[in-house]
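Note that the coordinates shown come from a computational prediction; the quantities given were computed from them, not determined experimentally.
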Amino acid sequence: MQSFLNQVWIARWPLWEGFLLTIEIAAASILFGTILGCICGIQLVYGPAIVRFPFRVYVDVMRGTPVLVLILAAFYIPAVVDVSLNATHAGILALSLFAGAHIGELVRGALQAIPPGQAEAARSIGLTFPQTLAYVLLPQALRSALPPWINTGVELIKGSSLLSIIGVGELLLKTQEVIGRTFMTIEFYVLAGVLYLLANISLDQLGRAVERRVQGR
């Protein structure tokens, strides 16, 4: 045990940097994925058929594709069309596209669950559609979509571990580098698992606090 603690102390900064990069990647992916998901959800419900179709294809393709395949595609395909993306940016792109599809489906379901009378009442008092969307529909939809949104965020934190395959220096890759030097496989994988668990629990608690505040409890 003492030997393991000594190795943890020696490797503390690389592991800390990997942990911070994991959090940064997950946060950026959640942010971009939420923006993309809101756009998708709105278009899937209120867009004309010609607009709904490509969004429907995007959502179905992204939800049906393994995250690892998305990561590899985001890393290798841009180079084919002369677009330069480093490994971290490619990882954020892949996770954002994955999150956008799932959040888009959440927003679509939440919007369709709102009684039609809400929009009709908004129109009757003279609100335009953008105003109705911003002040009446989206607040209600986002309130009901918040719990599954938290689950999506947790999935992104766990999914970020797959970025090690393209050389992103997140927590798992840093852990593997330490294991390659110390040969303490089980000990450091357990430590990495604990750090992932702490990140997920923290996000879950934060999401629950926001949920209670939004619902006025």
Side-chain angles (χ1 to χ4, degrees), residues 22-75 77-78 85 88-116 118-119 129-163 168 199-200 202-215:
T22 292
I23 299 302
E24 291 169 1
I25 289 172
S29 301
I30 292 170
L31 174 62
F32 296 137
T34 299
I35 295 172
L36 181 57
C38 287
I39 295 172
C40 286
I42 292 169
Q43 294 301 324
L44 288 173
V45 177
Y46 301 110
I50 194 172
V51 175
R52 286 200 307 270
F53 178 74
F55 280 100
R56 183 75 265 167
V57 171
Y58 158 72
V59 169
D60 290 343
V61 170
M62 291 296 111
R63 294 179 71 215
T65 304
V67 181
L68 181 58
V69 175
L70 292 177
I71 291 170
L72 293 173
F75 184 65
I77 291 178
L85 284 180
T88 300
H89 293 160
I92 292 174
L93 173 62
L95 294 179
S96 297
L97 292 173
F98 171 81
H102 285 265
I103 294 173
E105 196 67 10
L106 295 178
V107 173
R108 179 199 62 77
L111 286 172
Q112 289 182 333
I114 298 173
Q118 298 279 345
F129 177 73
Q131 291 173 327
T132 300
L133 195 62
Y135 300 128
V136 179
L137 301 177
L138 276 180
Q140 296 182 67
L142 295 180
R143 188 179 297 118
S144 62
L146 188 56
W149 177 87
I150 296 171
N151 292 336
T152 301
V154 170
E155 289 299 320
L156 288 179
I157 292 177
K158 293 189 293 185
S160 66
S161 63
L162 296 173
L163 300 182
V168 177
N200 286 330
S202 299
L203 176 60
D204 182 67
Q205 293 302 312
L206 176 62
R208 292 181 187 275
V210 173
E211 184 181 355
R212 288 193 297 268
R213 184 174 182 83
V214 168
Q215 294 180 351

Engineer: If we only count heavy atoms from C-beta on, is the Gln118 to Gln140 side-chain gap below 4.5 Å?
Structural biologist: yes
Engineer: Begin from the C-alpha positions of Ile92 and Thr88 and carry the test side-chain contact (heavy atoms from CB on, under 4.5 Å) through to its verdict.
Structural biologist: CA-CA 6 Å; Ile92 292 174; Thr88 300; 4.2 Å; yes
Engineer: Do Arg56 and Arg108 come close enough that some side-chain heavy atom pair is under 4.5 Å?
Structural biologist: yes
Engineer: What do you reckon, is CZ of Phe32 surrounded by more than 12 foreign heavy atoms closer than 6.0 Å?
Structural biologist: no
Engineer: Of the non-hydrogen atoms in Ala74 and Leu93, which two are nearest, and what is the gap between them?
Structural biologist: CB-CD2, 4.2 Å
Engineer: Which value, rounded to the nearest 0.5 Å, describes the distance between Asn151 atom CG and Leu203 atom CG?
Structural biologist: 9.5 Å
Engineer: Considering all heavy atoms of both residues, which atom of Gly33 and which atom of Ala99 are nearest to each other, and what is their separation?
Structural biologist: CA-CB, 4.0 Å
Engineer: How far apart are the closest heavy atoms of Ile114 and Leu137, and which atoms are they?
Structural biologist: CD1-O, 3.3 Å
Engineer: Tell me, do Phe55 and Ile39 make a side-chain contact under 4.5 Å, heavy atoms counted?
Structural biologist: yes
Engineer: Would you mind listing every ring-ring contact (aromatic ring centres under 6.0 Å, His included) that reaches into residues 88-110, with sequence neighbours excluded?
Structural biologist: Phe98-His102
Engineer: Where is the tightest heavy-atom contact between Gly104 and Leu44, given as atom of each residue plus distance?
Structural biologist: O-CD1, 4.5 Å
Engineer: If every non-hydrogen atom of Ser96 is compared with every non-hydrogen atom of Tyr58, which pair is closest and at what distance?
Structural biologist: O-OH, 4.4 Å
Engineer: Got a second to check how far Ile77's CD1 is from Leu85's CG, nearest 0.5 Å?
Structural biologist: 11.5 Å
Engineer: How long is the span from the OG atom in Ser161 to the CG atom in Leu163, to the nearest 0.5 Å?
Structural biologist: 7.5 Å
Engineer: Distance from Lys158 atom NZ to Thr22 atom OG1, nearest 0.5 Å?
Structural biologist: 14.5 Å
Engineer: Rounded to the nearest 0.5 Å, how far does OG1 of Thr152 lie from CD1 of Ile157?
Structural biologist: 11.5 Å
Engineer: Looking at Gly41 and Leu111, what are the two nearest heavy atoms and their distance?
Structural biologist: O-CD1, 4.0 Å
Engineer: Mind checking what makes ring pair (Phe, Tyr, Trp, His ring centres under 6.0 Å) contact with Phe129, not counting sequence neighbours?
Structural biologist: Tyr46
Engineer: Nearest 0.5 Å, please: how far is CD1 in Ile30 from CG in Leu95?
Structural biologist: 9.5 Å
